[in-house]
Peer 1: 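Please read through the structure below; I'll follow up with questions.
Naming: A, B, ... by sequence-line order, numbering from 1 per chain.
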There are 2 protein chains.
Amino acid sequence: MADINFSTAAAQPDSPGTDVSGPGPRTGDLRWDIIELLFFAYRDFVGDADQELEAFGFGRAHHRVMHFVTRYPGLKVADLLDVLRITKQSLGRVLKQLLDEGYILQKTGSNDRRQRLLYATAKGEALVAKLAGLQTDRINRAVAGLDPAGVETVRAFLRAMIDRDDPDKVLETIFGGAAKKTRE
Amino acid sequence: MADINFSTAAAQPDSPGTDVSGPGPRTGDLRWDIIELLFFAYRDFVGDADQELEAFGFGRAHHRVMHFVTRYPGLKVADLLDVLRITKQSLGRVLKQLLDEGYILQKTGSNDRRQRLLYATAKGEALVAKLAGLQTDRINRAVAGLDPAGVETVRAFLRAMIDRDDPDKVLETIFGGAAKKTRE
DNA sequence: AAGATACGTCAATATGGCTGACATAAATTT
DNA sequence: AAATTTATGTCAGCCATATTGACGTATCTT
């Protein structure tokens with residue numbers, strides 16, 4: 001699982017932008033509470049799957065790949081790269097392992113034979129379902145105190161947290177094809 | 001909604017006989033939607049800070065450390081290790097850099113002189129505030145359509161997603177000291 | 001035939017985790 | 001006082017996952 005965290009960068013001492021004093025930092029209107037709740041919630045959420053994965057010798061990268069391939073059968077390699085936002089070199093390593101160990105299989109596209117369409121095997125599906133089960137248990141516990149409208153509120157919040165301006169194929173599916181596509 | 005037009009043609013390939021089926025995986029009761037919404041929401045949420053920090057030459061690890069030190073001044077090194085759930089060796093690298101570059105400073109504990117209490121400098125606080133500002137903007141956009149009760153529902157959901165059975169110091173603070181501490 | 005596209009791969013590198021071992025200072029226990 | 005435990009730092013090395021750039025090959029498009 002991916003990251004538990006907040007930000008990223010490279011190294012540059014004595015940075016040109018050491019100017020932290022831009023328009024004057026906001027102090028009172030920041031949503032510290034939700035920021036931290038998101039951090040801890042996600043940390044524990046992904047933590048569920050992490051333990052399980054260790055037994056299989058897999059990491060978060062493997063989980064992500066298997067998850068989306070299972071959920072969206074016939075996903076192309078390029079689609080997966082969009083969703084995961086990694087490079088094909090990084091994906092390649094993980095994907096090869098999953099193919100070799102029989103969790104995923106490829107089929108040459110029938111329309112376009114250059115494409116390798118990805119499918120989860122029964123073995124892969126079983127593992128993904130197991131991991132999703134752990135996470136579902138946590139979610140069920142978390143929504144136990146909410147009425148149906150409350151659960152819908154949570155969904156609406158999460159959907160609204162997602163960037164909609166450049167959706168990949170999976171997001172288009174999730175948002176029912178209504179996602180605006182800026183460049184088109 | 002699971003399998004839309006992801007592939008040009010999706011005939012299920014003959015899956016190998018790799019049957020892992022144990023107790024029979026759950027298929028219909030899994031919260032796929034919320035699992036995926038959490039993935040995308042968190043991906044974009046942390047993405048906000050990622051870009052910003054490149055100019056400063058920092059990574060996610062730096063952000064995490066600065067964030068919690070800023071929010072909880074006087075945090076001990078051991079506390080930070082609990083919160084971040086990393087080893088002191090990993091923390092050491094990042095922390096040293098932040099100390100050297102003047103984003104954080106240490107003070108020897110007055111009660112226990114072995115402790116190094118951590119504080120953010122003005123420089124550190126400003127950077128953390130800047131990053132929190134970006135994330136706050138996203139959160140504000142996400143809750144724009146919710147009434148106050150809806151926002152409270154979101155908070156309740158996130159709180160309930162967090163493990164309470166072995167809280168670190170920061171979590172105890174967040175949960176108002178009411179968190180049960182199993183081992184003590 | 002030429003070019004673009006989808007994918008694979010090689011090589012080199014960076015970040016951020018990890019373990020184990022060991023050192024030091026200060027607090028606590030005996 | 002001596003021994004032990006605690007809080008922290010650090011060295012050395014390993015692993016997983018990410019990066020960029022370059023190149024190869026099959027295939028589709030023009």
Peer 1: Which listed nucleotide (C:dA27, C:dC7, D:dT8) is nearest to the side chain of A:K88?
Peer 2: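 Ranking C:dA27, C:dC7, D:dT8 by closest atom to the A:K88 side chain puts C:dC7 first.
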Peer 1: For A:Q97, report the nucleic acid contact type (base, sugar-phosphate, nothing); a contact means any heavy atom under 4.0 Å.
Peer 2: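 Answer is nothing: A:Q97 stays at 4.0 Å or more from every strand.
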Peer 1: Which of parallel (below 30°), tilted (30 to 60°) and perpendicular (above 60°) describes B:F68 and B:Y72?
Peer 2: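 The rings of B:F68 and B:Y72 lie parallel, inter-plane angle below 30°.
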Peer 1: Go through the steps for A:R43 and B:D163 under the test salt bridge (Lys or Arg N to Asp or Glu O under 4.0 Å), then give the verdict.
Peer 2: CA-CA 10 Å; A:R43 180 190 69 173; B:D163 284 334; over 6 Å; no
Peer 1: Does the separation of the ring centres of A:Y103 and A:F58 fall below 6.0 angstrom?
Peer 2: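 Ring-ring flag for A:Y103/A:F58: true, centres closer than 6.0 Å.
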Peer 1: In Å and rounded to the nearest 0.5 Å, what is the CZ to CZ distance from B:R155 to A:R31?
Peer 2: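 One finds 6.5 Å between CZ of B:R155 and CZ of A:R31.
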Peer 1: For the pair made of CG in A:L98 and C1' in D:dA16, what is the distance, rounded to whole Å?
Peer 2: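 Taking CG of A:L98 and C1' of D:dA16, I get 14 Å after rounding.
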Peer 1: Using the closest heavy atom to pick a nucleotide of DNA chain D for each, name whichever of B:R93 or B:Q106 lands nearer the 5' end.
Peer 2: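 Its nearest nucleotide lies further toward 5', so the answer is B:Q106.
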Peer 1: For A:S90 and D:dT19, is the shortest distance between a side-chain N/O and OP1 or OP2 below 4.0 Å?
Peer 2: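 So the side-chain polar atoms of A:S90 do come within 4.0 Å of the phosphate oxygens OP1 or OP2 of D:dT19, strictly under.
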Peer 1: Picking from C:dC7, C:dC18, D:dT8, which would you name as closest to the side chain of B:T87?
Peer 2: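 Out of C:dC7, C:dC18, D:dT8, the nucleotide with an atom closest to B:T87's side chain is C:dC18.
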Peer 1: Are A:F40 and B:F175 close enough that their ring centres sit under 6.0 Å apart?
Peer 2: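 No, ring centres 6.0 Å or more apart.
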Peer 1: Check if the side chain of B:Q89 and the base of C:dG20 share a donor-acceptor pair of N or O atoms closer than 3.5 Å.
Peer 2: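 Pair found.
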Peer 1: Considering every strand and a 4.0 Å limit on heavy-atom distances, what is the contact class for B:N111: base, sugar-phosphate, or nothing?
Peer 2: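 Here B:N111 touches the backbone only, sparing every base.
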Peer 1: Identify which nucleotide among C:dC7, D:dA18, D:dG9 has an atom closest to any side-chain atom of A:A61, counting heavy atoms from C-beta outward.
Peer 2: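 Side chain of A:A61 sits closest to D:dA18.
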Peer 1: Over all strands shown, is B:K76 touching base, sugar-phosphate only, or nothing at heavy-atom distances under 4.0 angstrom?
Peer 2: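 Answer is sugar-phosphate: B:K76 comes under 4.0 Å of backbone atoms only.
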Peer 1: What nucleotide, of C:dC7, D:dT19, C:dA27, holds the atom closest to the side chain of A:R116?
Peer 2: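 For A:R116, the side-chain atoms sit closest to C:dC7.
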Peer 1: Report yes if a side-chain nitrogen or oxygen of B:R114 is closer than 4.0 Å to either non-bridging phosphate oxygen (OP1 or OP2) of D:dT8; otherwise report no.
Peer 2: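 It does not, given that no N or O in the side chain of B:R114 lies less than 4.0 Å from OP1 or OP2 of D:dT8.
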Peer 1: Roughly, in whole Å, what's the span from CZ in B:R85 to C1' in C:dG16?
Peer 2: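 After rounding, the reported distance stands at 18 Å.
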Peer 1: Rounded to the nearest angstrom, tell me the gap between atom CG in A:L91 and atom P in C:dA6.
Peer 2: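 Spelled out: CG on A:L91 to P on C:dA6 is 15 Å.
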Peer 1: To the nearest Å, give me how far apart CD (A:Q115) and P (D:dC28) are.
Peer 2: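 From A:Q115 CD to D:dC28 P: 9 Å.
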Peer 1: Could you state the NZ-C1' distance from A:K107 to C:dA6, rounded to the nearest angstrom?
Peer 2: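 It is 18 Å, rounded to the nearest whole Å.
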Peer 1: Could you state the CG-P distance from B:L95 to D:dT8, rounded to the nearest angstrom?
Peer 2: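 Those two atoms, CG and P, are 11 Å apart.
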Peer 1: A:D50 has an atom CG; how far is it from atom C1' of D:dA16, in whole Å?
Peer 2: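 Checked: the CG to C1' distance equals 12 Å.
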Peer 1: In whole angstrom, give the distance that lies between atom CG of B:D79 and atom P of D:dT6.
Peer 2: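 After rounding, the reported distance stands at 16 Å.
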